[in-house]
Amino acid sequence: MSFWKKNIRLKLCGTAIALFVLSLSLLFARLAVPTGAWGLSFQQEGKAPVGNASSAALAQYRAAFLGDTEKPTLYLTFDAGYESGQTAGILDTLQAHGVPAAFFVVGNYLETEPALVRRMAEEGHIVGNHTYHHCDMSEIAGQEAFSKELRDVEAAYERVTGQEMPKYYRPPRGVYSEDNLKMARDLGYRTVYWSLAYVDWYQDKQPTHEEAFSKLIPRIHNGAVVLLHSTSQTNAEILDELLTRWEDMGYRFGTLDELFSDLKL
């Protein structure tokens, strides 16, 4: 074989290797899960946002923020860090619409509001794990300490309801690390982020109804995992109209069991 043919072959081989390495780099970048707070970028009205970790990256750890974007199904979730007097009304509205939801509760909520927790479970809602102390879980490096935050909630839930707690976990404030996701997965949990939320948690600065609708109507999308706070007076007041408007837009409401079943996670 002549020198120039060998040279061409070597160059082609080098190019192929470089392309392979580049492909691997892009794949690993797509599957990266950076430590930080969960965030979203809405790029088109009515379409699913981009998360700061991809669905494929999260799937490695049985975690998700979005359902099937081909289906007009919404997954309604509430974070419940404490009780502000709004949850009973929220449950009434959900019952009137026949809408299932998931409530992510902390240890204090289970200790102080057992009747509401029992009602959630009895009415068919999922009660998920929001950790016992609502701390920054990304700062917990050890499996034992991480496990205790979740196990203590499980034990409190079982005392209150007599049932085993569903294995759904939401990190407080959406702060997470890849190690956290691994530890939650190893404990049998599915981690639930969200694809739609708005600033509804400040008790002394509640959004107006108009402000709430301006975020929750245009940004709704197929497969949306919606995060609301059950402490919000605004949410309690608008929920009936909000559900009605979403229903009129052609959406139905699914459970987290359906979400993860569809995603095969």
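Values in this document were obtained by computation on a predicted structure and should not be read as measured data.
- Considering every non-hydrogen atom in both K71 and D262, the closest pair reads NZ-OD2, 3.5 Å.
- One side chain, S232 or Q206, offers a donor N or O that lies under 3.5 Å from an acceptor on the other.
- Within the 4.5 Å cutoff, no side-chain heavy atoms of I126 are placed close to those of T77.
- Cation-pi geometry between R62 and F260 is not satisfied (NZ or CZ under 6.0 Å from the ring centre, within 45° of the ring normal).
- Ion pairing between K148 and E154 fails under the 4.0 Å rule for side-chain N and carboxylate O.
- With Y168 as the partner, the side chain to side chain donor-acceptor pair (under 3.5 Å) test is satisfied by one option alone out of D257, T191, N129: D257.
- S195 has its side chain within reach of P49: a pair of non-hydrogen atoms, C-beta onward, lies under 4.5 Å apart.
- Looking only at side-chain heavy atoms (C-beta outward), P100 and L76 stay at 4.5 Å or farther from each other.
- Here the closest heavy-atom approach between residue A236 and residue Q86 is recorded as CB-OE1, 3.4 Å.
- A salt bridge does not link E211 with K215: none of the charged nitrogens is closer than 4.0 Å to a carboxylate oxygen.
- The nearest pair of heavy atoms linking H229 to F78 is C-CD2, 4.2 Å.
- V226 pairs with exactly one of Y198, W246, F253 by the side chain to side chain contact (heavy atoms under 4.5 Å, CB included) rule, that one being W246.
- Side-chain contact between Y157 and P166 is present, with heavy atoms from C-beta onward closer than 4.5 Å.
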Check the pair D136 / S138 against side-chain hydrogen bond (donor to acceptor under 3.5 Å, both in side chains), numbers first and verdict last. CA-CA 5 Å; D136 181 346; S138 69; 2.5 Å; yes
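- M165 is not connected to Y169 by any chain of hydrophobic side-chain contacts under 4.5 Å among Ile, Leu, Val, Met, Phe, Trp and Tyr, and they are in different clusters.
- Within a 6.0 Å radius of CD in Q233, no more than 12 heavy atoms belonging to other residues, nucleotides or ligands are found.
- With hydrophobic clusters built from ILVMFWY side chains whose heavy atoms lie under 4.5 angstrom apart, L66 shares a cluster with F42.
- Stacking of R185 on the aromatic ring of Y61 is not recorded, the 6.0 Å distance cut-off and the 45° axial limit not both being met.
- The number of heavy-atom neighbours closer than 6.0 Å to OH of Y202, taken from other residues, nucleotides and ligands shown, is 12 or below.
- Between K47 and T69, every side-chain heavy-atom pair lies at or beyond the 4.5 Å cut-off.
- For the side chain to side chain contact (heavy atoms under 4.5 Å, CB included) criterion with P172, the lone passing option out of E149, M137, H133 is M137.
- Hydrophobic clustering (ILVMFWY, side-chain heavy atoms < 4.5 Å, transitive): L227 and V199 are in distinct clusters.
- In this structure, V160 and E113 have side chains that are not in contact, with every pair of non-hydrogen atoms separated by 4.5 Å or more.
- Using a 4.5 Å cut-off on side-chain heavy atoms (C-beta onward), Y176 and V33 make contact.
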Take T112 and E83 through the test side-chain hydrogen bond (donor to acceptor under 3.5 Å, both in side chains) and record every step on the way to the result. CA-CA 8 Å; T112 59; E83 182 50 43; over 6 Å; no
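- A donor-acceptor contact closer than 3.5 angstrom is absent between the side chains of Y82 and N108.
- Contact annotation: the side chain of T231 never approaches that of D79 to less than 4.5 Å [non-hydrogen atoms, C-beta and beyond].
- Cluster annotation: Y193 and L256 are assigned to the same hydrophobic cluster (Ile/Leu/Val/Met/Phe/Trp/Tyr, side-chain heavy-atom contacts under 4.5 Å, transitive).
- If you take CD on Q60 and CG on L181, they are separated by 9.5 Å, rounding to the nearest 0.5 Å.
- Using a cut-off of 4.0 Å between Lys/Arg side-chain N and Asp/Glu carboxylate O, R119 and D92 are scored as salt-bridged.
- Heavy atoms only, all atoms of each residue included: H125 and L94 are closest at CE1-CD1, 3.8 Å.
- Salt bridge R118/E122: absent, no basic N to carboxylate O contact under 4.0 Å.
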